[in-house]
2 protein chains.
Amino acid sequence: MTPQAIKVACSNCNLRELCMPMGLSDGDLGKLDELVTLRRRIKRGSALFSNGDKFSALYAIRVGFFKTCVTTEGGRDQVTGFQMAGEIMGLDGIVGDRHTCDAVALEDAEVCVMPYDRIEDLSRDVPALQTHVHRIMSREIVRHHGVMLLLGSMRAEERLAAFLLNLVQRLQARGFSSSELVLRMTREEIGSYLGLKLETVSRTFSKFAEEGIVEVKQRHVRILSSDALRAIVNTPSWA
Amino acid sequence: MTPQAIKVACSNCNLRELCMPMGLSDGDLGKLDELVTLRRRIKRGSALFSNGDKFSALYAIRVGFFKTCVTTEGGRDQVTGFQMAGEIMGLDGIVGDRHTCDAVALEDAEVCVMPYDRIEDLSRDVPALQTHVHRIMSREIVRHHGVMLLLGSMRAEERLAAFLLNLVQRLQARGFSSSELVLRMTREEIGSYLGLKLETVSRTFSKFAEEGIVEVKQRHVRILSSDALRAIVNTPSWA
DNA sequence: CGACCGTTTGATAGTGCTCAATTCAAGTGG
DNA sequence: CCACTTGAATTGAGCACTATCAAACGGTCG
């Protein structure tokens with residue numbers, strides 16, 4: 001077995017605690033290796049899949065950072081999420097056999113391709129995988145509830161604070177610093193995700209910086225007081 | 001077989017085109033009847049399940065109308081959706097084995113209880129059911145993308161127009177009028193869902209009425225021009 | 001019939017948006 | 001190597017939209 005082949009296997013992947021294999025026994029984990037038939041590289045700025053594309057597989061991010069966004073005929077545009085290593089993309093395509101959003105790489109990336117029909121077959125044989133697939137989809141639904149809370153009831157500062165806390169929390173789970181991060185997206189993309197204009201995002205960053213909560217130099221952000229951020233999120237303006 | 005027993009069966013349910021049995025063959029449909037072990041009545045104002053409750057089943061609405069909402073420690077509150085006959089509730093509970101939102105009946109209701117472990121077992125035997133469960137979850141994810149678009153990029157009029165169109169479209173699929181409807185929720189609940197205050201919802205209704213787009217008498221709404229509503233949604237204010 | 005909850009409507013204030021100018025970082029080509 | 005171009009980020013001023021506070025109205029159900 002070549003080193004190359006070893007690297008493909010889920011059982012040896014350093015993301016196995018976060019990604020598809022999460023919670024599977026060693027025995028089941030071996031079967032999962034049949035699932036990932038292919039890896040695909042996506043250059044920064046290009047799409048892994050786009051609205052209207054035929055749905056055929058789910059994708060696990062190995063390296064890189066993505067945004068997903070929906071667009072309407074009317075030209076309305078909305079970033080629906082940012083995805084990082086170990087996270088699963090493509091669930092939107094199951095219901096109508098076509099993707100309904102775009103998945104765009106914000107930096108050079110690599111994904112594991114998991115053909116959907118194989119997932120269905122394999123999860124009939126491996127109950128733990130079946131459960132896990134359900135969990136992944138349920139987690140996405142619960143995540144959306146959080147986003148609705150954010151978009152529906154928070155003000156600009158609260159939204160940005162929640163956004164930063166969410167990002168560092170996910171980065172920390174991947175072994176990165178919980179106080180320092182490099183944003184992979186523009187102010188406009190952050191704004192779209194948070195339901196704000198880019199100027200408002202920029203101003204809010206500046207405000208946080210003035211208050212000594214964060215240091216911001218372009219896309220480099222250092223969080224000086226995550227407690228302050230948490231207080232902003234947990235203490236609604238009307239309280 | 002008593003008439004009572006006949007009514008329980010999915011195979012005889014008048015919602016089978018919309019609900020869990022959708023797209024299943026007659027043979028598979030018979031197996032589905034094992035799934036629904038119990039029906040449960042919920043009085044108006046009380047909860048089918050609440051945040052923190054142990055997750056054990058998914059629920060299909062037979063009659064009635066629900067809202068789902070999430071609440072934070074900080075006292076923030078957000079309606080995440082309104083559900084009507086034939087729709088599935090409880091998917092949020094899968095990931096953490098506990099429900100993360102409340103499902104409250106907005107009128108006297110009745111649901112079919114589908115124990116989750118049976119769903120998992122049965123969908124291993126019935127591939128069509130497995131696919132269908134995945135589709136239901138995927139549909140929920142795609143629906144959330146639409147809500148994000150609404151909350152993230154629309155103004156009050158656009159949100160309310162989109163809300164009304166969505167409601168009548170779902171009601172029409174259930175055989176109701178596509179121009180007349182009775183709102184089962186308060187202005188405050190509509191506002192929470194749309195990220196607006198109740199006064200803004202009320203004012204926007206009045207504005208639509210002045211413009212001759214709808215007739216509004218309390219919770220009775222008659223849509224006079226769904227084209228006008230569509231135009232409001234499809235033509236962003238900045239266009 | 002009366003009390004109460006939900007709704008409507010008005011006046012005012014605040015938050016975030018729009019338009020616009022400037023700064024900054026990183027390439028690109030002479 | 002530096003002037004130039006380009007895209008992103010910052011900052012300012014004025015305004016539009018929605019929230020807030022407050023009062024009056026109406027329907028529903030004990």
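Numbers restart at 1 for each chain; the letters A, B, ... are given by sequence-line order, proteins then strands.
Of the residues near DNA chain C, B/Gln218 and A/Ala156, the one whose nearest nucleotide (by heavy atom distance) lies more toward the 5' end is B/Gln218.
In this structure, the CE atom of B/Met154 is 19 Å from the C1' atom of C/dG16, given to the nearest Å. Protein atom CZ of B/Arg203 is 12 Å distant from nucleotide atom C1' of D/dA23, rounded to whole Å. Taking atom CZ of B/Phe205 as the reference point, atom C1' of C/dG6 lies 13 Å away to the nearest angstrom. Rounding to whole angstrom units, CE of residue A/Met185 and C1' of D/dG7 are separated by 18 Å. The nearest whole Å value for the distance from the NE2 atom in B/His220 to the P atom in D/dG27 is 10 Å. Separating the NZ atom of A/Lys197 from the C1' atom of C/dT15 is a distance of 15 Å, rounded to the nearest angstrom. Atom CG of A/Leu183 is separated from atom P of C/dA25 by 16 Å (rounded to the nearest Å). In this structure, A/Glu189 atom CD and D/dG7 atom P are separated by 15 Å, rounded to whole Å.
Across every non-hydrogen atom of A/Ile190 and A/Met185, the tightest pair is CG1-CG, 3.4 Å.
Checked by distance alone, A/Arg187 brings no side-chain donor or acceptor within 3.5 Å of a matching partner on the base of D/dG7. Residue B/Glu157 places no side-chain atom within donor-acceptor reach of the base of D/dC17, judged by atom type and a 3.5 Å distance cut-off alone. A donor and an acceptor atom never sit less than 3.5 Å apart when one is taken from the side chain of B/Glu188 and the other from the base of C/dC5. No hydrogens or angles were tested; on distance alone, nothing pairs the side chain of A/Arg155 with the base of D/dT18 as donor and acceptor under 3.5 Å.
Contact between the side-chain N/O atoms of B/Arg219 and the OP1/OP2 oxygens of C/dT7 is found at a separation under 4.0 Å. Between A/Thr200 and C/dC17 there is a side-chain N or O to OP1 or OP2 distance below 4.0 Å.
In terms of modelled atom types and a separation under 3.5 Å, the side chain of B/Arg170 and the main chain of B/Asn166 share no donor-acceptor contact. Side-chain atoms of A/Arg139 never come within 3.5 Å of backbone atoms of B/Val95 as a donor-acceptor pair (strictly under, hydrogens ignored).
The side chain of A/Leu196 lies closest to C/dG16, out of D/dA13, D/dA19, C/dG16. Comparing C/dC17, D/dA19, C/dT9 against the side chain of B/Glu199 picks out C/dT9 as the nearest.
Atom-to-atom distance recorded for A/Thr200:OG1 and A/Arg203:CZ is 6.5 Å, nearest 0.5 angstrom.
Among the heavy atoms of the strands lying under 4.0 Å from A/Thr186 are primed sugar atoms or P, OP1, OP2 only; no base atom is included. Nucleic acid contact class of A/Leu198 (heavy atoms, under 4.0 Å, all strands): base. Nucleic acid contact class of A/Gly191 (heavy atoms, under 4.0 Å, all strands): none.
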Next item on the list: Give the intermediate values and the outcome of ring pair (Phe, Tyr, Trp, His ring centres under 6.0 Å) for residues B/Phe55 and B/Phe49.
Entry: CA-CA 9 Å; B/Phe55 168 72; B/Phe49 56 79; 8.5 Å; no
